[in-house]
Number of protein chains: 2
Amino acid sequence: MAANSRLTIAAHVLAWLALAQRRGQEILTSEQVAASVNTNPVIIRRSLGDLRRAGLVHVRRGAGAGWSLARAPEDITLLEVYDAVEQDPPFGMHHAQPNLECPVGLGIRPALGDIYGRVEQAMRQELAETSISDVLRETLRVR
Amino acid sequence: MAANSRLTIAAHVLAWLALAQRRGQEILTSEQVAASVNTNPVIIRRSLGDLRRAGLVHVRRGAGAGWSLARAPEDITLLEVYDAVEQDPPFGMHHAQPNLECPVGLGIRPALGDIYGRVEQAMRQELAETSISDVLRETLRVR
DNA sequence: TCCCGTTGCAATAGGTTCTGTTACAACGGG
DNA sequence: CCCGTTGTAACAGAACCTATTGCAACGGGA
């Protein structure tokens, strides 16, 4: 399972937007967000673009442009964020089609598909139980 | 979450070894396994090497060499297979360290670490409840 | 209407990972 | 000692991810 950081970036961005909102700064530019994540603004815009298409953030263009949360932080779950930024399933199938003349080669794909579906469902269940406000609360807790 | 097929390959290999064993063929060469998975024998040896280091299969060298299951199929869980072949966690952290002067940048990593830990635990729980004999049974079910 | 800061997006580069392939030394049962 | 198989290195090609530059498009405010 090769690990990309899309969910991490998106969660960071949303938590930062939630904190700024709470502090009275409703709108942030991609550059301001990038300063917290410590990456290039274009990376942030790509992530925020995914979140915008999923309806999780609003964008305002022209002068005084920037990004804001489309919903209250407690109403945005990590599952929605996950679906917004992630496309591939966690476990990949064979690259080449298995040998269909072997009984294992014939049935392994649907079998693993079912099993992986159950695993993914357990993962989604857990993601659905965590909101952006949960992420922010745990983030601000002193360690 | 970029998807590799390691778990799929390993599960296929073990299911095939389990079926061969049930049919009375205790030992298979990497070439025989590769014929079912439809890939290069070296790919299979790499996967079987991981499984051997985890104690899930035995290897025999010299003439008449090949691979066999080290335990009964019902005693090998997909969680053990997952741990044997997968090294990276499903969700990656930031590539560059976040800005530690921002309260979100400071606390986001441990916060997400905890959350990802819970998600991974849910996933592992589900993997632990499926054995190679379950995989083989679902594989041989007609669809 | 014009200005100007910001977004949206294409193009590109470098790094990493994965699969696949070839080659060959090492092993060990017969 | 033979010979089939394993173990592993080296390499190639593809795919993907992060990062960066550049620029057209947008639109609020003067």
Side-chain angles (χ1 to χ4, degrees), chain A residues 1-10 12-13 17 25-35 37-54 57-68 70 85-99, chain B residues 1-10 12-13 17 25-35 37-54 57-68 70 85-99:
Chain A
M1 206 179 275
N4 67 36
S5 59
R6 286 190 196 175
L7 183 59
T8 294
I9 300 296
H12 186 147
V13 167
L17 279 179
Q25 177 135 24
E26 200 72 29
I27 288 186
L28 293 180
T29 67
S30 63
E31 189 149 3
Q32 291 172 309
V33 176
V37 181
N38 188 24
T39 185
N40 193 288
V42 175
I43 302 289
I44 300 301
R45 278 183 235 151
R46 285 211 269 255
S47 180
L48 278 164
D50 288 337
L51 298 174
R52 171 176 54 78
R53 279 181 282 276
V57 297
H58 285 148
V59 62
R60 185 173 153 188
R61 303 196 61 175
W67 305 84
S68 57
V85 302
E86 208 70 49
Q87 43 193 342
D88 293 329
F91 303 107
M93 280 295 167
H94 311 65
H95 280 201
Q97 189 178 53
N99 182 351
Chain B
M1 207 181 277
N4 66 35
S5 58
R6 287 190 194 177
L7 183 58
T8 294
I9 300 297
H12 186 148
V13 167
L17 279 178
Q25 176 136 22
E26 200 73 27
I27 288 186
L28 294 180
T29 67
S30 62
E31 189 150 3
Q32 290 171 309
V33 177
V37 181
N38 189 24
T39 184
N40 192 288
V42 175
I43 301 289
I44 300 301
R45 278 183 234 152
R46 285 208 272 252
S47 180
L48 277 164
D50 289 336
L51 298 173
R52 172 177 55 77
R53 280 181 281 276
V57 298
H58 285 149
V59 64
R60 186 173 152 187
R61 303 195 60 174
W67 306 84
S68 57
V85 301
E86 208 71 49
Q87 42 192 341
D88 293 330
F91 302 107
M93 281 294 167
H94 310 66
H95 280 200
Q97 189 178 53
N99 182 354

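Lettering follows sequence order; numbering is per chain, from 1. Reckoned from all heavy atoms, side chains included, excluding hydrogens, waters and symmetry mates.
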Taking only the side-chain nitrogens and oxygens of A:Thr29, find out if one of them lies under 4.0 Å from OP1 or OP2 of C:dG5.
no
Shorter than 3.5 Å, N or O on both sides, protein versus nucleotides 27-30 of chain C: list them out with atom names.
from: C:dG28; atom 1: N2; to: B:Ala63; atom 2: N; distance (Å): 3.4

Tell me what B:Gly49 touches on the nucleic acid: a base, only sugar-phosphate, or nothing, going by heavy atoms under 4.0 Å.
nothing
From CG (A:Leu7) to CE (B:Met93), nearest 0.5 Å
9.5 Å
Protein-nucleotide distance (B:Ile9, atom CD1; C:dT19, atom P), rounded to Å
7 Å
Whole-Å distance, B:Asn38 CG to C:dG20 C1', equals 12 Å
Which nucleotide sits closest to the side chain of A:Trp67: C:dT7, D:dC17, D:dT6?
C:dT7
Which atom of A:Ser5 lies closest to which atom of B:His95, heavy atoms considered:
OG-CD2, 4.3 Å
Distance, rounded to the nearest Å, where A:His58 contributes NE2 and C:dT7 contributes C1':
16 Å
In whole Å, what is the span from the CD atom of B:Glu31 to the P atom of D:dT6?
9 Å
Using whole Å, report how far CG of B:Leu28 lies from P of D:dG4.
19 Å
Would you say B:Arg46 reaches D:dT8's phosphate, i.e. side-chain N/O to OP1/OP2 under 4.0 Å?
no
Any side-chain N or O of A:Thr39 under 4.0 Å from OP1/OP2 of D:dA19?
yes
Atom of A:Leu17, atom of A:Trp67 and distance for their closest heavy-atom approach
CD2-O, 3.6 Å
Of the candidates D:dT8, C:dG20, D:dT6, the side chain of A:His95 sits closest to C:dG20
A:Gln32 atom CD is separated from C:dT6 atom P, nearest whole Å, by 8 Å
Mind checking whether A:Val59 and A:Leu48 have side chains closer than 4.5 Å, heavy atoms only?
no
Shortest side-chain distance from A:Asn40, nucleotide among D:dT21, C:dC9, C:dC18:
D:dT21
Applying salt bridge (charged side-chain N to carboxylate O under 4.0 Å, His left out), name anything that partners A:Arg53, two or more places apart in sequence or on another chain.
A:Asp50
Mate of C:dG30 where both pairing distances stay under 3.5 Å, Watson-Crick or G-U:
D:dC1
Between CD1 on residue A:Ile27 and CD on residue A:Gln25, distance to nearest 0.5 Å:
9.0 Å
Just compare D:dT6, C:dT7, C:dG20 and give me whichever is closest to any side-chain atom of B:Ile43.
C:dG20
Side-chain N or O of A:Arg52 less than 4.0 angstrom from OP1 or OP2 on C:dG8?
yes
Send over the distance from B:Arg45 CZ to D:dT6 C1', rounded to a whole Å.
6 Å
Measure the shortest side-chain to side-chain distance between A:Gln87 and A:Arg6 over non-hydrogen atoms and say whether it is less than 4.5 angstrom.
yes
For B:Asp50 and D:dG7, what is the distance between atoms CG and C1' respectively, to the nearest whole Å?
13 Å
Output the distance between atom CG (A:Asn38) and atom CD1 (A:Ile43), rounded to the nearest 0.5 Å.
12.0 Å
